[in-house]
**Q** 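Got a structure for you, written out below as structure tokens; questions coming shortly.
Values in this document were obtained by computation on a predicted structure and should not be read as measured data. Any value given below was found using the heavy atoms of this structure, including those in side chains, with hydrogens, waters and symmetry copies removed. Throughout, a chain's letter reflects where its sequence line sits, starting with A, and its residues are numbered from 1.
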Amino acid sequence: MTDIKLSEGSLKAIMSGEDVQNPVMQILGTKKIPGGNTERYRVLISDGVNINSFAMLATQLNDLIVNGSLCEFTIVQIKRHIVSGVASNSAMNRSVMIILELDIIKTGTEIGFKIGNPQSLTADSSSTQQPAVVAKPQTNGSSTAAASGNRTNGIGGAGGSATQTHPIVSLSPYQNKWTIKARVTNKTPIREWNNARGSGKLFSIDLLDDSGEIRATMFNAECDRFHDMIEKDKVYFISNCTLKPANKKFSSINNDYEMSFTHATTVIPCNEEEVGDMPSVKYTFVPLKSIVEISPDENIDVLGVCIDAAELSSVTGKTNQKTYTKRDITLVDQSQASVTMTLWGKDAETFDASNKPVVAVKAARVQEFQGGKTLSLSMSSVLSLNPDIPEGHKLQGWYSNQSNTKFEPVSQRTGGGAGAGGNMILIREIQDQQLGMGDKADYCSVRGIIQVFRGSNTTYKACPSQDCNKKVIDQNNGMYRCEKCAKEYNTFNYRLILPVMIGDWTNSVWVTLFQAEAESILGVTAQDVGESTEDHPSLKKALFSQYAFRLRAKMEHYNDEKKLKITCAGIKKIDHLDLSKKFIAEIKELAGLGSAN
DNA sequence: CCCCCCCC
């Protein structure tokens, strides 16, 4: 027998809206809830007298299921929970208990049996010990009307306790009789749109409660009605909105749905007392190292120490002539990676990196730049400096103990080596993986031997002005005309465009090398090659040398013909000793030899 | 119903 006592009757009390502190219960089973993009688990939980099969685990506790900590018979103490709208016995059938925080008191294997003979709470609630219960009395005067049931008509008065609102995670398009109590964690300015499908204006907000978050958008009339009223960081009761599946591409908000306000929507500000301990941001941080795996245009939450910040600069938009202020900052974290993140406008102007602040960003946009990944803040991003959150303090503590840590730069454009973002592949795999077949360029790295040079016409006469490099036209009078600069010069620079065939044991491909990489391989300057009247001898010397090539593959269209164009975005010498060590380690691990771990 | 979010 066990000496642990379950909190008998606590489930009944909780589901009736009573405030029960730290009840001890037993897990009798867990089950993954099918559908949806978010992994979510339902738990069968017992207090020794009753079983509740309408309990769910907040997603931040999913790990406990995955690592087996919440197996059958586990005894837990529930430290924090919420219940969806309950006020009457009849509503119990539909209410859901969400476990937000728990401690494991004893593992399931230690216990090994079901305690007591608990009966289903929902199937037979009339026969259980207590009569019908109503929600605990409210603290303000407007409670009488509100306490009569699971309200279907939005907020009646300004009342409403936590037990009478619905958790955000419980919202779905299939049920629209709900009221949420949520904090506005972000609010966009009004934006107007005009496209083939019509025009209008809108703004959106991000809403957060203990259970989760959701984005809400206000169009046209609702845009006018709510824009001035709704304030960032304030808490509101909101009801009567419509829900639809969220398009993940445009938001990092962790919810499969998003809501639109309608003419029927009501929004009531919470008074101070009602706000309670409503959380103020919910992050799902991505380790900086993993950013290489994330597709461009996705939004992610990141946390890092800012170890460097560039000067403020300004850029002009490509499509409009607007000037934007920007500042690039560098973040590092415990994954021993660094990333470049661009701040814009006011965030850029006011940013101060002098004290190496911890920076948290909700919804930073992932971008690809020359094969590396960078981050950029957008309209929907929220920047927070030295946030008062456990992860932030932990990171700060960790960083203060680092001295010579080398950070893998995920934003670096060249990365010929096998480092982060290197995705070292075999040359055959360029075809196998259909690299370059999509709309965007694909990057990869290969180890290849230079097998063939195109020996002649490897240089061209380029515009001498800074950063132009366009081909100039020899006017045959000592002057060279650049069409791009619309100018004539009395000089030019030679530049290299060097097609080479590189191969490994699986295949060969033609790759175009440009100035820097070509000079590095040849060991001579473009000028030398250009001025040489015959094929430069350096070409022969470089033949059969081996490098790690960073490649960029993209489909190019010439008239009706499509052709895969592969250019070199960087090269790196191969450290054969180091590489051999890596191979040996891999072989050992594959063969199950030695002590890899 | 938007989904623009910038520059190398």
**Q** Please indicate yes or no: is the ring centre of A/Phe219 less than 5.5 Å from the centre of the six-membered base ring of B/dC2, with the two planes inclined by under 30 degrees?
**A** no
**Q** Is the backbone N or O of A/Ile566 less than 3.5 Å from a side-chain atom of A/Arg552, with the two atoms forming a donor-acceptor pair by type?
**A** no
**Q** Quick one: do the A/Asp328 and A/Thr342 side chains pair a donor with an acceptor below 3.5 Å?
**A** yes
**Q** Give the rounded distance in Å between these two atoms: CG of A/Asn195 and P of B/dC3.
**A** 6 Å
**Q** Using atom CG of A/Asp328 as one end and atom C1' of B/dC7 as the other, report the distance to the nearest whole Å.
**A** 9 Å
**Q** Checking all strands, does A/Thr316 fall into the base, sugar-phosphate, or nothing category for heavy-atom contacts under 4.0 angstrom?
**A** sugar-phosphate
**Q** If you check every side-chain atom of A/Val315, which of B/dC8, B/dC4, B/dC7 has the closest atom?
**A** B/dC7
**Q** Are A/Tyr494 and A/Tyr460 near enough that their ring centres are under 6.0 Å apart?
**A** no
**Q** Between A/Asn247 (CG) and B/dC3 (C1'), how many Å, whole number?
**A** 7 Å
**Q** Whole Å only: how far is the CD1 atom of A/Ile253 from the P atom of B/dC2?
**A** 19 Å
**Q** From the set B/dC2, B/dC8, B/dC5, return the single nucleotide nearest to any side-chain atom of A/Met379.
**A** B/dC5
**Q** Whole angstroms only, please: what is the CD1-C1' distance between A/Ile205 and B/dC3?
**A** 17 Å
**Q** Can a salt bridge be assigned to the pair A/Arg365 and A/Asp297 using a cut-off of 4.0 Å between side-chain N and carboxylate O?
**A** yes
**Q** What's the CH2-P distance between A/Trp344 and B/dC8, to the nearest Å?
**A** 9 Å
**Q** Tell whether A/Arg215 reaches the base of B/dC3 with its side chain through a donor-acceptor pair below 3.5 angstrom.
**A** yes
**Q** If we ignore hydrogens and angles and just use 3.5 Å, is the side chain of A/Asn240 paired with the main-chain N or O of A/Thr266 as donor and acceptor?
**A** no
**Q** Ignoring hydrogens and angles, answer whether the base of B/dC2 and the side-chain atoms of A/Glu192 contain a donor-acceptor pair closer than 3.5 Å.
**A** no
**Q** From the list B/dC8, B/dC3, B/dC2, which nucleotide is the closest neighbour of the side chain of A/Leu202?
**A** B/dC2
**Q** Under the 3.5 Å rule, do the base of B/dC5 and the side chain of A/Gln367 count as making a donor-acceptor pair?
**A** no
**Q** What does A/Ser381 touch in the nucleic acid at a heavy-atom separation under 4.0 angstrom: a base, only the sugar-phosphate, or nothing?
**A** nothing
**Q** Among B/dC5, B/dC7, B/dC3, find the nucleotide with the atom closest to the side chain of A/Lys326.
**A** B/dC7
**Q** Does A/Arg197 reach a base, just sugar-phosphate, or nothing at all? Heavy atoms under 4.0 Å.
**A** sugar-phosphate
**Q** Could you check how far CZ of A/Arg365 sits from C1' of B/dC7, rounded to whole Å?
**A** 15 Å
**Q** What is the distance from CZ of A/Phe203 to P of B/dC3, rounded to the nearest Å?
**A** 16 Å
